[in-house]
Amino acid sequence: MRIGGLASGMDIDQLVNKLMTAERMPLDKMQQDKTMLEWKRDGFREINTKLSELDNLMLDMKLSKTYNPKTISSSMEGAVTATGTPSTSNGSFEMRVEQLATNAINVSTSGLTKELSDEDKQNGIYRLESATKTLKDQGIDPADFDNQLKFTVYKENGEPDVKTVDIKEDDTLKSLLKRITDQDNNVRAFYDEVTDKVIMETTRTGGYNNTAQKDEDGVNLAPEIVFENDPFFSKVLRMDQGAEKGGQNAKFTYNGVHEVESTENSYKLNGITFNFTDTTDGKSAKLTVSNDVDASVEKIMKFVDKYNEVVEMINDAQKEEKHRDYPPLTEEQKEEMSEDEIERWEEKAKSGILRGETSLTSGLFDMRQSWYSSVETSGEYKSLTQIGITTSSNYMDGGKLIVKEDDLRAALQENPADVQKLFANSSEGDDRGIINRLEDSLDRTMNTIGERAGTATSTTLESYTLGKRMKDLNTRISDFEDRLTQVETRYWNQFTAMEKAISRMNNQSAQLMSQFGGGTM
């Protein structure tokens with residue numbers, strides 16, 4: 001702790017602070033310069049974020065589904081729906097659904113913990129006490145069942161697939177059923193505590209057991225989960241092979257003549273994916289394919305709006321007024337101001353910080369040129385004006401796009417393929433699509449800004465131009481702070497020497513006075 005002024009009576013601490021305030025002025029200027037560079041870097045990066053958002057939308061603008069999506073309406077939405085691809089032909093067709101695909105399911109014939117009837121006892125049926133108590137403790141010895149159970153499911157080609165599941169000494173009913181499910185057998189098994197029964201079902205719809213067991217209507221009666229030769233199912237789980245239900249294919253007729261079966265309640269035919277949720281009660285659902293112009297316009301407008309947002313952001317950055325009388329505040333200045341005052345000041349200080357930056361002005365000009373250029377495709381449209389997209393006539397808008405939706409809708413309705421060529425043709429040269437040209441200019445602009453201001457993931461200041469200047473300022477600030485420490489020490493040493501000299505003079509004066517005083521007595 002430095003204490004001054006005891007001999008001189010002066011406030012040395014205040015004097016040194018005032019002297020150092022003058023000495024710190026160059027440091028304050030360097031710190032303000034550093035703040036300006038940080039603001040400029042952040043401003044560049046904010047613009048690059050907007051450009052990146054625009055760039056992400058370009059993928060959709062290259063896809064055919066953007067310009068030629070299909071909508072398929074159904075007269076029986078509750079039974080049949082369908083989706084198409086851009087290549088799906090417009091038109092109408094009919095679909096009659098006679099049968100839905102279902103999964104096979106089998107349930108215990110009686111509760112597992114219920115008292116056994118005399119018939120059950122004669123048939124060797126087991127009674128369980130609990131689904132969580134080990135089978136062994138309930139009198140069910142796995143060895144009586146060769147320590148395993150077997151059942152058969154069927155592959156997609158109809159071939160039988162025999163599954164074996166081990167029955168372990170510490171198995172409970174729940175753990176055994178879980179192991180059946182976990183073995184990926186296209187089957188799941190679980191215990192329902194409310195009904196006290198086991199449920200076993202296939203995890204896929206359809207009939208894969210292609211045996212000759214059919215009823216008079218031709219419905220396949222062959223079970224999908226076969227366990228009739230395994231006593232564990234009948235004696236412990238109380239399941240009857242003949243109690244299985246389901247396991248059938250979907251059956252439908254296309255345009256009255258084409259009869260089809262499917263193991264799932266969906267089917268792809270001629271580029272159309274049908275989805276069945278109910279039968280049509282002997283009638284036919286009428287489905288109509290048409291161009292979904294609304295969806296196309298929505299996607300194009302979304303892209304145009306984002307482009308205009310980018311243009312406005314860059315254009316505003318060039319029109320902002322610079323307030324040179326509002327430099328960044330120092331920490332000492334902020335301490336004397338309210339939060340609102342600081343906010344208003346910094347709003348003025350940041351205004352115009354990117355004005356005149358050539359990386360932005362040239363990038364904006366480059367992007368505009370992408371829209372203006374003619375596209376020499378073999379299609380009907382060669383410029384945006386032909387499909388209702390023009391640039392604003394107000395030069396203050398900076399080249400924003402204006403869309404006449406009626407003209408755009410008409411072009412998409414009449415010739416979506418040529419609209420796609422205009423936008424997304426991927427070849428090089430004069431027939432390169434507008435979106436690809438814009439992407440090229442956007443990449444150049446983003447790279448230029450990245451070289452100037454780096455990215456959010458930039459880890460070193462040396463990797464971009466503004467960062468190098470900030471690093472140089474950091475070095476100068478550090479060196480200057482060391483110099484200020486030396487200057488402050490020098491001031492204190494000088495005042496300390498003065499205090500000592502004054503103290504010696506005061507001591508000498510006191511001694512003289514005491515001597516003079518002693519001579520008069």
Side-chain angles (χ1 to χ4, degrees), residues 42-63 65-67 69 293-321 350-375 381-412 416 419-420 422-425 432-450 453:
D42 294 343
F44 272 123
R45 290 182 178 182
E46 186 177 357
I47 288 177
N48 238 9
T49 298
K50 287 292 182 185
L51 293 174
S52 180
E53 291 173 0
L54 179 64
D55 190 41
N56 291 336
L57 289 178
M58 287 187 179
L59 177 59
D60 275 351
M61 293 297 292
K62 296 177 183 179
L63 303 176
K65 67 179 181 180
T66 296
Y67 307 95
V293 175
D294 288 342
S296 293
V297 171
E298 183 180 353
K299 286 190 175 182
I300 293 174
M301 288 301 300
K302 181 179 179 181
F303 182 80
V304 168
D305 289 343
K306 178 60 69 174
Y307 174 80
N308 286 342
E309 187 180 330
V310 169
V311 169
E312 182 176 7
M313 188 177 191
I314 297 177
N315 200 36
D316 287 348
Q318 301 309 300
K319 292 189 296 184
E320 283 182 344
E321 181 182 356
K350 292 179 180 180
S351 178
I353 197 168
L354 298 179
R355 186 169 181 171
E357 288 288 341
T358 56
S359 57
L360 299 181
T361 54
S362 61
L364 187 57
F365 176 79
D366 199 9
M367 286 190 289
R368 288 177 193 151
Q369 291 300 109
S370 303
W371 296 103
Y372 298 150
S373 304
S374 175
V375 180
Y381 308 117
K382 291 180 171 56
S383 69
L384 287 173
T385 56
Q386 292 178 280
I387 62 171
I389 302 179
T390 59
T391 53
S392 172
S393 58
N394 185 350
Y395 77 95
M396 294 295 290
D397 286 340
K400 284 185 178 180
L401 297 177
I402 307 296
V403 180
K404 296 179 181 178
E405 283 198 29
D406 290 343
D407 293 347
L408 179 59
R409 287 178 182 277
L412 289 167
V419 175
Q420 181 183 352
L422 175 65
F423 274 102
N425 211 15
R432 187 165 177 77
I434 288 173
I435 291 300
N436 291 292
R437 294 179 183 183
L438 180 63
E439 185 177 44
D440 294 340
S441 64
L442 197 65
D443 288 344
R444 289 192 293 269
T445 302
M446 292 175 67
N447 289 336
T448 301
I449 292 176

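Just so you know, residue 1 is the first one in the sequence shown, and it goes up from there.
Of the inter-residue distances, the one linking M446 atom CE with S359 atom OG reads 13.0 Å to the nearest 0.5 angstrom. Rounding to the nearest 0.5 Å gives a distance of 6.0 Å between CD1 of I47 and CD1 of I449. Residue E357 holds its CD atom at 7.5 Å from CD of Q318, rounded to the nearest 0.5 Å. From L384, atom CG reaches atom CG of D407 across 12.5 Å, with rounding to the nearest 0.5 Å. Annotation: the span from S370 atom OG to I435 atom CD1 amounts to 9.0 Å, rounded to 0.5 Å. Note that the CE atom of M301 and the CD1 atom of I389 stand 8.5 Å from one another [nearest 0.5 Å].
By the neighbour-count criterion of 12 heavy atoms within 6.0 Å, atom CD of E298 is sparsely surrounded, having that number or fewer from other residues, nucleotides or ligands. No more than 12 heavy atoms of other residues, nucleotides or ligands sit less than 6.0 Å from atom NZ of K65. Within 6.0 Å of atom CZ in F365, 12 or fewer heavy atoms from other residues, nucleotides or ligands are found, so the atom counts as exposed in its surroundings.
Across L360 and F44, no two heavy atoms sit closer than the pair CG-CE2, 3.9 Å. Pairing each heavy atom of D397 with each of N315, the nearest pair is C-ND2, 3.7 Å. Here the closest non-hydrogen pair linking K62 and A424 is CA-CB, 3.7 Å. The two atoms that bring L412 and Y67 nearest to each other are CD2-O, 3.8 Å, heavy atoms only. Nearest heavy atoms, S296 versus T66: OG-O, 2.8 Å.
At least one side-chain heavy atom of D294 sits less than 4.5 Å from a side-chain heavy atom of R409. Between L51 and V310 there is a side-chain heavy-atom pair separated by less than 4.5 Å. A 4.5 Å side-chain heavy-atom check between R444 and D366 finds at least one atom pair inside the cut-off. At least one side-chain heavy atom of L401 sits under 4.5 Å from a side-chain heavy atom of T391. Within the 4.5 Å cutoff, the side chain of R437 has heavy atoms near those of the S373 side chain. M58 is not listed as a side-chain neighbour of N436, based on a closest heavy-atom distance of 4.5 Å or more. Using a 4.5 Å heavy-atom threshold, the side chains of M313 and E46 count as touching. Put simply, the side chain of V375 does not reach to within 4.5 Å of the side chain of F423, judged on heavy atoms.
Not a single donor-acceptor pair under 3.5 Å links the side chain of S351 to the backbone N or O of E320. The backbone N or O of Q420 lies less than 3.5 Å from no partner atom in the side chain of Y381, so there is not a single donor-acceptor pair. Put simply, the side chain of D55 never gets that close to the backbone of D443: no donor and acceptor are under 3.5 Å apart. Proximity of a side-chain donor or acceptor of R45 to a complementary backbone N or O of A453 within less than 3.5 Å is detected.
Using cut-offs of 30° and 60° for the angle between ring planes, the F303 and W371 rings count as tilted.
Only one option out of T445, T361, L354, L364 pairs with I314 in a side chain to side chain contact (heavy atoms under 4.5 Å, CB included); it is L364.
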- Query: Going through the checks in order, is the side chain to side chain contact (heavy atoms under 4.5 Å, CB included) test met by V304 and K400?
  - Reply: CA-CA 9 Å; V304 168; K400 284 185 178 180; over 6 Å; no
- Task: Evaluate the salt bridge (Lys or Arg N to Asp or Glu O under 4.0 Å) criterion for residues K302 and D60: first the C-alpha distance (whole Å), next the side-chain angles of each, then the deciding distance (0.1 Å), finally the verdict.
- Result: CA-CA 11 Å; K302 181 179 179 181; D60 275 351; over 6 Å; no
